Amino acid sequence: MDTSIGQLGVVTSAGAVSRVLLPGDAGQSRIDDTVTAALATQQIAEYFAGERRAFDVPLNLDGVTEFRAEVLRALMEVPYGETTTYGELARAVGRPKAVRAVGSACATNPLPILIPCHRVLRSDGALGGYRGGTEAKRFLLALESIDV
């Protein structure tokens, strides 16, 4: 699908979205559930149109380590229009010294947009990295009225 940050792809498996492909990601969209893919595509389009603040499409985190899944679940609790830091996220999962591991979990998030890793900033308030590129991260934050 075409979006304001480029072309995105959706991969489904076991009746859930298992991956969102950002511009530049290798691979092709694979769909084994057209209903779920259509729902995910619709919800992502609504998000980019400013009409959706939360997603309720089923997600599949199979293949993600337990620690990374825990980080991603905590990340889903960060509300639309708000940010957190890598350190705050590490504390939220009970591993306050695991800031770099949290950063790695965000960097390898298989479901960007749906799991909002773009809402994570560095402790100094700086943007930090994003698999889709810093301009995409800045755009997504601005879409949610977050000025960084």
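Worth saying up front: this structure is predicted, and the values here are computed from it rather than measured. Below, all heavy atoms of this structure are taken into account, side chains as well, without hydrogens, waters or symmetry copies.
Taking the side chain as every heavy atom from C-beta outward, Thr3 and Ile113 never approach each other to under 4.5 Å. At a threshold of 4.5 Å between non-hydrogen side-chain atoms, the residues Val20 and Pro110 do not count as touching. Counting heavy atoms from C-beta outward, Val64 and Thr108 have side chains that stay 4.5 Å or more apart. Inter-residue side-chain proximity for Ser18 and Asp62 is flagged as unmet; no heavy-atom pair is nearer than 4.5 Å.
Summarising the geometry of Glu144 relative to Gly81, their closest heavy-atom pair is OE1-N, 2.9 Å, with the distance given to 0.1 Å.
Among residues at least two apart or in separate chains, ring pair (Phe, Tyr, Trp, His ring centres under 6.0 Å) pairs with a member in residues 41-72 are Tyr47-Phe55.
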Please test Asp25 against Arg19 for side chain to side chain contact (heavy atoms under 4.5 Å, CB included), starting from the C-alpha separation and ending with a verdict. CA-CA 11 Å; Asp25 281 346; Arg19 189 157 167 81; 4.2 Å; yes

Take Leu72 and Leu59 through the side chain to side chain contact (heavy atoms under 4.5 Å, CB included) test and state the conclusion after the steps. CA-CA 11 Å; Leu72 296 176; Leu59 305 178; over 6 Å; no

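Other residues, nucleotides and ligands place more than 12 heavy atoms under 6.0 Å from the CZ atom of Arg73.
Note on Met76: it clusters hydrophobically with Ile44, by side-chain heavy-atom contacts below 4.5 Å among ILVMFWY residues.
Ser104 and Arg68 form a side-chain donor-acceptor contact under 3.5 Å, judged by distance and modelled atom types alone.
Comment: Arg119 does not engage Glu77 in a salt bridge, judged by the lack of any side-chain N to carboxylate O separation of less than 4.0 angstrom.
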